[in-house]
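Along the sequence shown, the residues carry numbers beginning at 1. In listed order, ligands and their atoms are each counted from 1. Values below: all heavy atoms of this structure, side chains included; hydrogens, waters and symmetry mates excluded.
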Amino acid sequence: MKRRDFIYLVGASAGSVYAAMTALDLLKQPATARSKFEIFGNSKGKKIVILGAGIAGMAAAYELGKVGYDCTILEARERAGGRCWTVRQGTVETEISGERQVANFNAGLYFNPGPARIPQHHITLDYCQELGVPIEVFTNVNEAAYYYNEGVGPLSNRPVRIREAKTDMRGYMTELLAKAIDQDALDLPLTTEDIEKMLEFLRREGNLSPDLFYKGSSRRGYRILPGAGLQPGEPYKPFDLKALIQSGFGNYFFFEYSINQQMLMFQPVGGMDRIAKAFENRVGNLITYQAEVKEIRKTPRGVRVMYTDKTGKRQQMTGDFCICTIPLSVLKNIPADFSPDMKAAINSVVYLSTGKIGLQFKRRFWEEDDGIMGGISRTNQNITQIFYPSYGYLSSQGILVGYYNFGEAAVEMGNLSAAERQARALTEGGKIHPQYPQEFETGFSVAWHKIKYNLGGWATYTGDLRQQFYPRLNQPDGPIYLAGEHLSYYTGWMAGALESTRTTVAALHQRVQNG
Ligand code: PHE
């Protein structure tokens with residue numbers, strides 16, 4: 001076997017050509033280095049019908065096109081990109097309720113209602129590099145942003161700086177731990193010297209006094225900032241331990257610890273849809289827009305897809321293979337020749353509801369008044385969180401994401417009218433930022449479970465579903481392959497769509513080589 005063959009063969013089974021190349025020592029970089037996907041061989045003139053011009057569908061056409069496959073993409077919408085979408089002046093969307101919104105944002109301002117942040121290790125950035133999409137930092141964590149909870153004891157109903165909650169929580173935790181390990185009774189597998197070193201760490205970690213008490217710290221900020229001349233500053237006093245525990249703020253910390261949410265994170269300059277546009281630049285000529293898939297059929301020679309064109313007329317497209325990237329929430333309602341086990345697997349997958357609202361304000365009060373330059377505030381209200389924009393700092397106006405919620409909160413919010421969602425976002429967010437009513441100008445909301453060609457945010461699997469149904473979804477059903485974020489362990493990420501596409505492309509290509 002030639003080295004090249006091994007590359008796509010391993011790519012087909014493991015989904016990572018990069019891993020294969022690393023295994024073969026063809027690449028010397030560590031596992032986090034940027035990867036480039038390459039298949040070698042001959043397309044044998046095969047025609048591939050790709051359903052959906054989202055990130056997965058366009059990446060499939062892009063990669064298969066590199067070795068000459070004849071790809072064509074059917075896309076239901078007038079635009080490409082799917083959930084990789086940016087709302088800006090003039091964006092129009094009509095939800096399945098019939099409610100139509102037009103974005104009245106100022107030119108140059110935008111928000112990303114779908115994907116908004118990209119971790120450093122995701123292959124999404126590999127494609128940004130390959131396609132020439134400039135990126136900038138997305139601020140996922142800002143110590144200056146707020147926590148605001150209701151009904152949680154003495155710290156209720158007031159915005160608390162994240163740094164205040166974190167410093168105090170860390171202080172009290174390290175104090176408790178320091179006192180505990182200072183006792184012989186614990187029977188720890190540590191020498192006296194180890195314990196001394198551990199105590200030294202805890203003192204620094206929590207900013208404890210020499211006698212191991214947390215008495216507050218300037219790390220949590222100042223009531224009066226230090227300044228010139230005779231102004232040493234005046235630190236805040238710490239919160240009471242019991243009040244802090246009751247507040248539940250500590251339960252927000254873990255989110256940013258997960259590998260996919262750790263700083264630094266990135267976004268394309270100018271809006272997330274720059275990634276979609278970059279793919280569209282490469283494969284846009286292969287896309288038929290406003291082509292709504294009505295039936296997916298197996299034929300003796302491959303597949304036949306029935307769809308309606310932009311005039312509503314029924315059309316059909318045939319091919320040797322089909323790569324279907326339609327979200328399963330939508331696909332399950334499309335008549336298709338899936339085998340019963342595949343059909344059952346498609347039906348089993350649950351999509352998480354999620355929604356966002358973009359709110360444009362006359363001025364960037366969060367920056368000017370609150371000193372919050374990007375990042376996220378969190379609350380136990382329905383709005384769940386507020387994203388401050390990671391672009392356009394200190395300019396005259398801005399759009400922040402007034403809510404980004406999931407599950408029940410998203411269903412409740414999404415089932416309101418657009419005007420009611422906006423009112424609720426202003427009321428709840430206004431408790432954190434009293435400037436809201438004075439400064440608000442215009443908004444635009446998206447409830448993904450009510451967006452026609454999505455009917456949900458992203459696939460969610462329980463461990464049981466992964467075991468019972470997921471493997472089936474990863475196998476082709478005759479000539480039909482599935483691809484998308486739902487076919488990955490990165491559900492809800494563009495990287496999932498892209499990894500899945502590479503896996504599917506490699507598998508399909510291997511079959512063509514063998515066949
Ligand atoms: N990638 C999305 C986000 O970062 C959705 C997501 C959230 C996926 C949390 C997994 C975990 O908001």
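- Relative orientation of the F365 and F361 rings is perpendicular, given thresholds of 30° and 60° on the angle between their planes.
- At least one N or O atom of Q261 sits closer than 3.5 Å to an N or O atom of ligand 1.
- Y461 and F469 have their aromatic ring centers separated by at least 6.0 angstrom.
- The protein heavy atom nearest to atom 4 (O) of ligand 1 is R117 NE, 2.8 Å.
- Aromatic ring pairs are classed by plane angle as parallel below 30°, tilted from 30° to 60° and perpendicular above 60°; the pair Y481 and F321 is perpendicular.
- Nearest protein neighbour of atom 6 (C) of ligand 1, counting heavy atoms only, is W458 CZ2, 3.7 Å.
- Every atom of ligand 1 is numbered from 1 in the order shown, and the set under 4.0 Å from a heavy atom of Y404 is 2 (C), 3 (C), 5 (C), 12 (O).
- Note: H122 and W493 have perpendicular aromatic rings, judged against thresholds of 30 and 60 degrees for the angle between ring planes.
- Using a 4.0 Å cutoff on heavy atoms, F406 does not count as a contact of ligand 1.
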Worksheet entry | Verdict with reasoning, S35 to R502, per side chain to side chain donor-acceptor pair (under 3.5 Å) | CA-CA 12 Å; S35 67; R502 287 183 173 186; 3.0 Å; yes
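- Polar contact with ligand 1: present for G492 (N/O pair, distance under 3.5 Å).
- Using a cut-off of 4.0 Å between Lys/Arg side-chain N and Asp/Glu carboxylate O, K450 and E99 are scored as not salt-bridged.
- When hydrogens are left out, the protein atom nearest atom 10 (C) of ligand 1 is W493 NE1, 3.7 Å; that is the closest non-hydrogen contact.
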